[in-house]
Each structure stands twice: as structure tokens, then as C-alpha cells.
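This chain uses plain numbering: 1 for the first residue, then up along the sequence. Nothing here was measured: the structure is a model prediction, and the numbers come from that model.
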Amino acid sequence: LATGPRQKNSIFYEIRTYDIKPPKMKDFVELVNKYFHLRTAHSELVGFWSAELGAMNKVVHIWKYEDFAHRTAVRHALANDKDWQGKFISAALPLMEKQHNEVAYLVPWCEIGKPPKEGGVYEWVTFQMKPGGPALWGEAFRAAINAHINTGYTKLIGVFHTEYGLLNTVHVIWWNESPDHQAAGRHSAHEDARVVAAVRDSVRFLESQQNMLLIPLPCSPLK
């Protein structure tokens, strides 16, 4: 199926989601804070968050790669990094229940943004769109995103479209000062005729959606 336009370079992002055993979440976060510099020495971390609402005992992190050869080289180096394997991996694996990864590209009209300040919260919204890719639903989806941006209550961080994983999935990351600020802004946006019209046009291509409220870990470049 046609996927429509995509960014011109070969850069992609690996989204990794780990479910942590409920009694072990504190231990896992402490392990990340202590040893994750060993991992970021090998490739660029975009963000690392723990779920606060919408999911429990879950962490999400995003890695940037120049191309698939770059990822292959990084994975090979990690497998041979004795410090990483011995200090983090051997201790972290028993704390996990499940691991999941996706490969995604930024949509061609989006760049990764940065929050205006530290200390806020991130909303991670996952949209499962109808088959056909951005060639089918891309313009309507972009209009809905822009309508929310234009309200000014939230900051867009990134829009990612899956290449490997469940196809026709779009992950949208927003930043807000606080959960209350996000809730007030959303209620206001849903009374905005421009937002209502754009969402109504986009939702005809939508299969399902879900969201999480995320808190950045200390190692996260996006805070």
C-alpha cells in the first residue's frame, strides 16, 4: 500500500517500550539513573519516560539512527560492551515482563521540538489509522494536529509514523506545563470550532487511539 511522502534522508527512530514487573519499577529506574550513560555512549537518546497515567509500570524511550547500518553497528557494539552487559543488562532483564520495539520516521512536515522549559509533562497519543498510509489520511491528520497547535495551549514535540511494528500507527508527543494545564487546554480546544472541524475530518480515517501521561527520567534529553 502506498505510504505517501516521507522525509528525504535515511534517519529513523526506534521506539522501545518496556513493561516492568510491578514491584520492581523503583529498582529499574534506579538502575537506569546509575548506568544508562553506558548506553548513551553508543548512540543518541531522544527521550526516556515513565508512564504516570494511561499505563502503569511502563517506560518508553526513543533512539535516533542515521540508517539501518548505523543501528546494526550500535547493536553489535552493545553486545560486546562488557560494562553495559554486566552492569545494566544482566540486572535489568529480570526486572522486565515484556519488551516491544517499533521503527518509525518523523512525518515529513515535522521536526523534533523541545519544550520551552524543564519540569513539565508529556502526553503520548497513539493513533491507529485505517490502512492506506499518509497518502490516504496524511493531510487530514496534519490539519488536526495544526488545529491543536494553533490553540497555543500545548507544545508539539514530534509526530512519528511506523515503518516496522503495527503499520498505520502514528505516535504524537505533546508537552504541557502540568496535567492540569493540559486538561484545561484540551477542554478549551474542544470548544474551538476550528479544532472541532479538523478533528471531525480526520477521525473518519481513525480506527482507535489511546494516550499516556509520561514523566521524563533524569537521563532523558527531553525533560
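Pairing each heavy atom of P216 with each of G120, the nearest pair is CD-O, 4.1 Å. Here the shortest heavy-atom pairing between L217 and W49 reads CD1-C, 3.7 Å. Taking every heavy atom of both residues into account, G132 and N168 meet most closely at N-OD1, 3.5 Å. Summarising the geometry of W63 relative to V46, their closest heavy-atom pair is C-CG2, 4.5 Å, with the distance given to 0.1 Å. Between R39 and S43 the shortest heavy-atom distance is NH1-OG, 2.8 Å. Across A198 and A144, no two heavy atoms sit closer than the pair CB-CA, 3.8 Å.
Side-chain contact between W175 and K117: present, with at least one pair of heavy atoms (C-beta onward) separated by less than 4.5 Å. Side-chain contact between S188 and T151 is absent, with no heavy atoms from C-beta onward closer than 4.5 Å. Put simply, the side chain of V32 does not reach to within 4.5 Å of the side chain of V29, judged on heavy atoms. Side-chain contact between E207 and P131 is present, with at least one heavy-atom pair separated by less than 4.5 Å. I11 places none of its side-chain heavy atoms less than 4.5 Å from the side chain of Y65. With contacts defined as side-chain heavy-atom distances shorter than 4.5 Å, the pair I145/W109 qualifies. Side-chain contact check for S50 versus L214: every heavy-atom pair is 4.5 Å or farther apart. In this structure the side chain of M212 reaches within 4.5 angstrom of the side chain of V60, judged on heavy atoms.
Grouped with V195 in one hydrophobic cluster are V199, the linkage being side-chain heavy-atom contacts under 4.5 Å among Ile, Leu, Val, Met, Phe, Trp and Tyr residues.
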Assess whether salt bridge (charged side-chain N to carboxylate O under 4.0 Å, His left out) is satisfied between E30 and K34, documenting all intermediate values. CA-CA 6 Å; E30 289 177 352; K34 186 174 182 179; over 6 Å; no
Determine, stepwise, if the pair F141 / F127 fulfils ring-ring contact (aromatic ring centres under 6.0 Å, His included). CA-CA 10 Å; F141 189 85; F127 298 89; 5.2 Å; yes
Show, in sequence, the C-alpha distance, side-chain angles and deciding distance for Y13 and F160, and conclude whether the ring-ring contact (aromatic ring centres under 6.0 Å, His included) test is met. CA-CA 8 Å; Y13 299 84; F160 300 87; 5.3 Å; yes
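Taking CD from E97 and CG from D19, the interatomic distance works out to 6.5 Å, rounded to the nearest 0.5 Å. We find the NE2-NE2 distance between H76 and H42 to be 11.0 Å, quoted to the nearest 0.5 Å. Note that the SG atom of C219 and the OH atom of Y35 stand 15.0 Å from one another [nearest 0.5 Å]. One distance of note links NE2 of H181 with CZ of R186; it measures 13.0 Å at 0.5 Å rounding.
In this pair, H61 and F48 present their aromatic rings parallel. The plane angle is below 30°, not in the 30 to 60° band. Under the 30°/60° scheme for interplanar angles, the aromatic rings of W174 and H148 are found to be tilted.
A salt bridge (charged side-chain N to carboxylate O under 4.0 Å, His left out) with E14 is found for exactly one of R71, R75, K64, namely R71. Among D81, D83, L31, L78, the single residue meeting the side chain to side chain contact (heavy atoms under 4.5 Å, CB included) criterion with F88 is L31.
Clustering ILVMFWY residues whenever any of their side-chain heavy atoms sit less than 4.5 angstrom apart, transitively, puts I112 in the very cluster that holds I62. Side-chain heavy atoms closer than 4.5 Å link hydrophobic residues (I, L, V, M, F, W, Y) into clusters, and following such links, even through other members, never connects L213 to V125. Hydrophobic cluster membership differs between Y153 and V172, with clusters built from Ile, Leu, Val, Met, Phe, Trp and Tyr side chains linked at under 4.5 angstrom.
Every pair passing side chain to side chain donor-acceptor pair (under 3.5 Å) that includes a residue from residues 126-144 is listed here, sequence neighbours excluded: W124-T126, T126-H171, Q128-T169.
Other residues, nucleotides and ligands contribute at most 12 non-hydrogen atoms within 6.0 Å of the CD atom of E111. Annotation for R200: atom CZ does not count as buried by contact number, only 12 or fewer foreign heavy atoms lying within 6.0 Å.
Between the side chain of K26 and the main chain of P23, no donor-acceptor pair closer than 3.5 Å is present. In this structure a side-chain-to-backbone donor-acceptor pair under 3.5 Å is missing from K155 to N176.
For the side chain to side chain contact (heavy atoms under 4.5 Å, CB included) test, residues two or more places apart in sequence or in another chain that qualify with M96 are Y18, I20, F28, A92, L93, Q99.
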